[in-house]
Amino acid sequence: MNYWLVKSEPETYGWHHFTQQGRAIWDGVRNYQARNNLKAMKRGDQVLFYHSVTNPAVVGLATIVQEAYPDPTVAEDPGAASKGWVVVELEPLMPLDNPVSLRHIKAEPLLAAIGLIKQSRLSVMPIRVDEFELILKMGAKSSKNDHELL
DNA sequence: GCCAACGTTGGC
DNA sequence: GCCAACGTTGGC
């Protein structure tokens, strides 16, 4: 099992929209490193859903329900066809009771090496299992970490 | 709105 | 192959 984080701007495609829809085709990724991460995703992998730009925070947990296949939106994107862009499909598992803000992530020494901080512009990235579990713990209801960090 | 980080493009 | 110019992402 692998763990990942994907970013989305809530104004464009937020957690709420995702859960209403029930399933998302993660299309439009046009960065090679992000694409390689999409290709490495396996069915059942767990994915942290992160809101970027507006109130940046991890807001929910999702899972991979369909592994990578060619991005159908490439058809309307002249010049992109040869670059091997792919999509995966995601389904929501659960929201975090307390969204874990970027502020809190930066304040947590155990998360100092997380890709979210190290490579702030990457939109699809792997997460270590210990980082993943800690973020879920921080996002759980009445977490000890909230009191420490707030 | 500004700016830093960083990826892409194109001239040479 | 180098590098300047430019575009995009995303935090603040």
Rounded to whole angstrom units, what separation is found between the [atom1] atom of [X] and the [atom2] atom of [N]?
X: A:Ile117; N: C:dT9; atom1: CD1; atom2: C1'; answer: 17 Å
X: A:Arg35; N: B:dG7; atom1: CZ; atom2: P; answer: 14 Å
X: A:Lys118; N: C:dG11; atom1: NZ; atom2: P; answer: 16 Å
X: A:Met125; N: C:dT9; atom1: CE; atom2: C1'; answer: 11 Å
X: A:Glu9; N: C:dG11; atom1: CD; atom2: C1'; answer: 12 Å
X: A:Trp85; N: B:dG7; atom1: CH2; atom2: C1'; answer: 10 Å
X: A:Gln119; N: B:dA4; atom1: CD; atom2: C1'; answer: 15 Å
X: A:Asn31; N: C:dG10; atom1: CG; atom2: C1'; answer: 14 Å

- Is there a donor-acceptor contact under 3.5 Å linking the side chains of A:Glu11 and A:Thr54? yes
Q) Do you see a donor-acceptor pair shorter than 3.5 Å between the side chains of A:Glu89 and A:Tyr69? A) yes
Residues joined to A:Leu90 in its hydrophobic cluster, side chain to side chain under 4.5 Å directly or through other members, sorted by chain and number, are A:Trp4, A:Val6, A:Tyr13, A:Trp15, A:Phe18, A:Trp26, A:Val29, A:Leu38, A:Met41, A:Val47, A:Phe49, A:Val59, A:Ile64, A:Val86, A:Val88, A:Val124
Practice prompt. Check whether any side-chain nitrogen or oxygen of A:Lys7 sits under 4.0 Å from OP1 or OP2 of C:dT8, and answer yes or no.
Written response: no
Short side-chain N/O contact from A:Tyr50 to OP1 or OP2 of C:dT9, under 4.0 Å: no
Taking C:dC12, B:dT8, B:dA5 as options, the one with an atom nearest any side-chain atom of A:Arg121 is B:dA5
Of the candidates C:dG10, B:dG7, C:dG11, the side chain of A:Leu102 sits closest to C:dG11
A:Met125 and A:Ile114: CA distance, side-chain angles, deciding distance, side-chain contact (heavy atoms from CB on, under 4.5 Å) verdict: CA-CA 9 Å; A:Met125 69 186 77; A:Ile114 199 170; 5.7 Å; no
